[in-house]
Number of protein chains: 2
Amino acid sequence: MKLSDGVEWALHVTTLVAFVPADQAVPAARLAEYHGVPAAYLAKHLQALSRAGILEAVPGPHGGYRLARPAAEVTVLDVVEAIDGTESAFVCTEIRQRGPAAGPPSDYRVPCGIHRVMNRADRAWRDSLRAVTIAEIAEGVVATSPAHRIEAGARWMEEVLR
Amino acid sequence: MKLSDGVEWALHVTTLVAFVPADQAVPAARLAEYHGVPAAYLAKHLQALSRAGILEAVPGPHGGYRLARPAAEVTVLDVVEAIDGTESAFVCTEIRQRGPAAGPPSDYRVPCGIHRVMNRADRAWRDSLRAVTIAEIAEGVVATSPAHRIEAGARWMEEVLR
DNA sequence: GTCCCTATACTCGGATAGCAAGTGTCCGAGTATAGGCGG
DNA sequence: CCGCCTATACTCGGACACTTGCTATCCGAGTATAGGGAC
């Protein structure tokens, strides 16, 4: 079980976009070059974020992407689910109801115990991701990076928004 | 992100094997037919469980698989990791250190905030799975199934161990 | 009758094809802008 | 000089190949048993 690379990209991109002024936008190509990832492929994931209502796409010249709502209202889980889907990693195929010793469906009113455990774990995972917002991630970046690093990022952003 | 089907099979099989007396064993082919899954493919996963020290393989006639240690000492996480591996679903590729606005590695002494959040969620998931043992799963099956279902299972087991 | 030996059949174990989902890429539809033209 | 129109260039959006990892399968190595033979 490996999480798609796109999830990591989407999280970093969303964090970066959180620093874009509300009345401006950054093109997908610039976001890609900032992170050193293939532009065409990143675009695919940006579309997913747009469909999920996390990013807002602005067409035409001076267009690009920006946050569709405040960073404090976007959780890490929102981004992960936008890329990876909302369904649980574990899918119960009810194999207990198959085979020679199985009975009619009426014998299986109670959900499979294994299913319950896996679902609880999945919920714990999602709860953990839901507890953190992109705003907090962005604050953390500023708080833990050297000053000249923040400055370099700001310069890049200014250059792009020119 | 989808968890391998083999994980579900392994959990059900391990639970079933928990009912096998310590001095006997059930062949892989029987375990497969009980759950209605391809025998050749299930064998692959049984090997993984064997390598992980969860099941013990007994060769030759009257051979098969049995638990390598008490069911109360086998957690759900043990089984999941035996099939799916122990590494986290999220792999941080440090894309923050790439691109035009990046600096030298010395600027990134603090771990990536996104990485930290994802790791915490992964830990929550694993903690949740570690909290439940196969013995508890087995007890749950007995407690929630109709009496005649348990009886049918016992009959099947007796037939196989004959 | 008892012990030993051998052939047998049954078990696991790793090496080998097939397929689906994620990875990576491309070109077409739509829009705000910049320049030119007419008034 | 001002307003309008048109051509342009830039943006996102969805449709198209490729590759890695899971899915599925097979045959070979090893072992406890069952039967037969010798003592």
Side-chain angles (χ1 to χ4, degrees), chain A residues 1-10 13 17 20 23-33 35-52 54-66 68 80 82-85 87 89-91 93 95 160-162, chain B residues 1-10 13 17 20 23-33 35-52 54-66 68 80 82-85 87 89-91 93 95 160-162:
Chain A
M1 179 189 55
K2 189 178 153 295
L3 211 49
S4 162
D5 283 351
V7 170
E8 182 185 11
W9 300 1
V13 164
V17 171
V20 175
D23 60 342
Q24 304 207 46
V26 177
R30 298 277 168 271
L31 294 173
E33 89 177 21
H35 291 102
V37 299
Y41 188 30
L42 178 64
K44 191 183 184 68
H45 297 305
L46 290 171
Q47 288 170 29
L49 291 173
S50 177
R51 268 194 300 271
I54 295 171
L55 296 187
E56 183 181 14
V58 180
H62 286 64
Y65 288 97
R66 65 175 159 228
V80 171
I83 304 298
D84 198 60
E87 62 220 25
F90 180 83
V91 285
T93 58
I95 63 173
V160 166
L161 295 178
R162 177 155 307 168
Chain B
M1 179 188 57
K2 191 179 151 295
L3 212 48
S4 162
D5 283 350
V7 171
E8 181 185 11
W9 300 2
V13 164
V17 171
V20 175
D23 59 343
Q24 304 207 46
V26 177
R30 298 277 168 270
L31 294 172
E33 88 177 21
H35 292 102
V37 300
Y41 187 30
L42 178 63
K44 190 182 184 66
H45 297 305
L46 289 171
Q47 288 170 30
L49 291 173
S50 177
R51 269 194 299 271
I54 295 171
L55 296 187
E56 183 180 14
V58 180
H62 287 64
Y65 288 98
R66 65 176 160 227
V80 170
I83 304 298
D84 199 60
E87 61 219 26
F90 180 84
V91 285
T93 57
I95 65 173
V160 166
L161 294 179
R162 176 153 306 167

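Residue numbering restarts at 1 for every chain, and letters A, B, ... go by the order of the sequence lines. Only heavy atoms go into these numbers, but all of them, side chains included; no hydrogens, no water, no symmetry mates. None of these values were measured; they are calculated from a predicted model.
As judged by a 4.0 angstrom heavy-atom cut-off over every strand, Ala28(A) is placed among residues touching the sugar-phosphate backbone only. Residue contacts for Ala57(B): at a heavy-atom cut-off of 4.0 Å it reaches the sugar-phosphate backbone alone, with no base atom in range. Contacts of Arg51(B) with the nucleic acid, taken as non-hydrogen atoms under 4.0 Å apart, involve only primed sugar atoms and P, OP1 or OP2.
Comparing Ala43(B) and Asp5(B), the nucleotide of DNA chain D nearest to each residue sits closer to the 5' end for Asp5(B). Between Trp9(B) and Ala29(A), it is Ala29(A) whose nearest contact on DNA chain D lies nearer the 5' terminus. Residue-to-nucleotide proximity on DNA chain C shows that, of His62(B) and Ser4(A), the 5′-proximal contact is made by His62(B).
Taking CG of Leu31(B) as the start and CH2 of Trp9(B) as the end, the distance is 12.5 Å to the nearest 0.5 Å. For the atom pair Asp84(A) CG and His45(A) NE2, the distance stands at 10.5 Å (nearest 0.5 Å). Between atom OH of residue Tyr65(B) and atom CG of residue Leu49(B) there is a gap of 8.5 Å, rounded to the nearest 0.5 Å. Rounding to the nearest 0.5 Å gives a distance of 11.0 Å between CZ of Arg30(A) and CG of Leu161(A).
As rounded to whole Å, 8 Å separates atom C1' of dG14(D) from atom NZ of Lys44(A). Here dC10(C) presents its C1' atom at 15 Å from CG of Leu31(B), a figure rounded to the nearest Å. Protein atom CG of Leu42(B) is 11 Å distant from nucleotide atom P of dA24(D), rounded to whole Å. The distance between atom CE of Met1(B) and atom C1' of dA20(C), rounded to the nearest whole Å, is 18 Å. A straight line from OH of Tyr41(B) to P of dT25(D) spans 10 Å, rounded to a whole angstrom. Straight-line distance from the NE2 atom of His45(B) to the P atom of dC12(C): 15 Å, rounded to whole Å. At whole-Å resolution of the value, CD in Gln47(B) and C1' in dT11(C) are 12 Å apart. Here the P atom of nucleotide dA21(C) and the CG atom of Leu3(A) are 17 Å apart, to the nearest Å.
In the set dC22(D), dT25(C), dT31(C), the nucleotide with an atom closest to the side chain of Ala40(A) is dT25(C). The side chain of Ser50(A) lies closest to dG13(D), out of dT23(D), dG13(D), dT23(C).
Around atom CD of Gln24(B), more than 12 heavy atoms belonging to other residues, nucleotides or ligands sit under 6.0 Å away.
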